[in-house]
Structures are given as C-alpha cells and as structure tokens.
Amino acid sequence: GNSVTQMEGPVTLSEEAFLTINCTYTATGYPSLFWYVQYPGEGLQLLLKATKADDKGSNKGFEATYRKETTSFHLEKGSVQVSDSAVYFCALGSSNTGKLIFGQGTTLQVKP
Amino acid sequence: NAGVTQTPKFQVLKTGQSMTLQCAQDMNHNSMYWYRQDPGMGLRLIYYSASEGTTDKGEVPNGYNVSRLNKREFSLRLESAAPSQTSVYFCASIKETSGTDTQYFGPGTRLTVL
C-alpha cells in the first residue's frame, strides 16, 4: 500500500542555517504530495504542495520538488528562523477519497 | 469564517466512559475526516465522510463511531473509552476529493483516558 517515510528527528539548527528534511514515498499512480506544519499547540496547516512530477511547491521560503524518479519530496529552506520551530509532516494524497497518508513527522528546533 | 472548529479542546475520561467529539466547518466543504495523532506515528485516519450521508472506515476505526449530521458537522464517538485511545484528535475537511485539494484542520482535542 501507499506509505510515506520521513527522516527521524528532532532536528536542531542555529538561526540562518540551511534546512533539509527528507521525505520519500511509496505509491501506485501519481499522487499529490504535501508538506504540513504544526506549530506548538495548534492544528496542522498546509505549507506547500505539488500535484505532479517535477512540480516545485514553495511558500514562506520553503521549497520541495516532486521527484518521481527517486520517489522523494524533500523540504528545504535556505535560512531558518526561530519562528520556523515546529513539527513538519510530509503527506501523500489519495485521488479518489482525498485521504492523506502522513509520515511520522519531524520536529525542528531553531536556536537563536 | 471560522474554518474548522472542534469541541472540546481537552477532555479526561475514565475507562469505560463514553463521549462525543464535535467538529464543524463553515467552508461548504464536501468531505470531512477524523485523525488521531500519537507520538512518533504521525496522523492516522480513523473515519472519513466523502460526502453528506456517507461514512467509511480509515486505518484505525476500532472503538470509534462517526455521524455525518449534515454537510457542516461530523462527530466522533467513543462508546467505551480505553487508555489506548489517549491521543490528540484532529478533524479536517476538504472541498473535493480530487487528491490535489488542501485539507483544512481544526485545532484538535486532547483526550486522556485513565
């Protein structure tokens, strides 16, 4: 069945460091891919998405490219801020039910 | 426009008690979902409702029931709570089940079963 695997956390970085959070998936067909972010004490909110191969999603300085050949959707940001501290979830969307399959989440802590 | 709202925010139950978690959305979305979030396991789908009048099981439905009361509301019921149901519960909704639409999440209900 479909599944998503994220790199283990927590990830601790200094402010202005470069961020990569790895995400790989297993799926039949060509699902959409998402990154959601969860700030402390809140629900999840969409960070970015890509709906087909080679698409790049971007938002708030974060980027991820849908790579079909490597079945990956790695999240990157060139210079993180303390306010980026949160839990990041990679997810795969089902085209006929709208269901999301989530990775286990990666906690990012950015220190000043 | 409140988006997705959930009540209550926190709840403590004793083993064997029952309760209903409420969820409502004001975005005229067709589909609604209940997830549970446990440490190290991401979010797992409990039940979903693709449209008003339909419900289907997700990955972890045992011990839960749902009701799609109308287009706006989707409730989750625990008939006899167990400690294994201690979790954070999120409701979400989506306009269309095309697989490309964004799911919008509520703020969550933190449930503890003693």
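We name chains A, B, ... by the order of the sequence lines, and we start the count at 1 in each one.
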Under 4.5 Å, heavy atom to heavy atom, which residues of residues 48-85 of chain B contact chain A?
-> B:Tyr48
Minimum-distance pair of heavy atoms, taken over all atoms of A:Lys49 and B:Thr102 | NZ-OG1, 3.5 Å
Max heavy-atom pairs within cutoff under 4.5 Å with chain B, candidates A:Glu8, A:Gln104, A:Lys52, goes to A:Gln104
Hey, quick one: are A:Val11 and A:Leu47 part of the same hydrophobic cluster, counting side-chain heavy atoms closer than 4.5 Å, chains of contacts allowed?
-> yes
Answer with yes or no whether the hydrophobic clustering places A:Met7 together with A:Tyr36; edges join I, L, V, M, F, W, Y residues whose side-chain heavy atoms lie under 4.5 Å apart.
-> no
Do side-chain atoms of B:Tyr104 reach the backbone of A:Leu44 as a donor and acceptor pair under 3.5 angstrom?
-> no
Is it the case that one hydrophobic cluster holds both A:Val4 and A:Tyr66, taking links as side-chain heavy atoms less than 4.5 Å apart, direct or via other members?
-> yes
Atom CD of A:Glu16 with >12 non-hydrogen neighbours under 6.0 angstrom | no
Counting heavy atoms not belonging to A:Tyr30, are there more than 12 under 6.0 Å from its OH?
-> no
A:Thr65: what forms a side-chain hydrogen bond (donor to acceptor under 3.5 Å, both in side chains) with it, not counting sequence neighbours?
-> none
B:Phe90 and A:Gln38: which non-hydrogen atoms are nearest, and at how many Å?
-> CZ-NE2, 3.3 Å
Do B:Met41 and A:Phe102 pass the side chain to side chain contact (heavy atoms under 4.5 Å, CB included) test, and can you show the C-alpha distance, the side-chain angles, and the key distance before you say yes or no?
-> CA-CA 9 Å; B:Met41 300 186 74; A:Phe102 286 89; over 6 Å; no
ILVMFWY network linking A:Phe34 to A:Leu48, side-chain heavy atoms under 4.5 angstrom = no
Does any heavy atom of chain A fall under 4.5 Å from the side chain of B:Leu45, the backbone, both, or neither of them?
-> side chain
A:Gln45 versus chain B, the contacting section by heavy-atom distance below 4.5 Å | neither
Most contact-rich option vs chain B, by heavy-atom pairs under 4.5 angstrom, among A:Thr51, A:Leu46, A:Leu100, is A:Leu100
Close contacts, residues 105-114 of chain B versus chain A, judged by heavy atoms under 4.5 Å = B:Phe105, B:Gly106, B:Pro107
Which residues in residues 2-40 of chain B have a heavy atom less than 4.5 Å from any heavy atom of chain A?
-> B:Tyr33, B:Tyr35, B:Gln37, B:Gly40
State plainly whether one hydrophobic cluster holds both A:Phe62 and A:Ile21, where clusters connect Ile, Leu, Val, Met, Phe, Trp and Tyr through side-chain heavy atoms under 4.5 angstrom apart.
-> yes
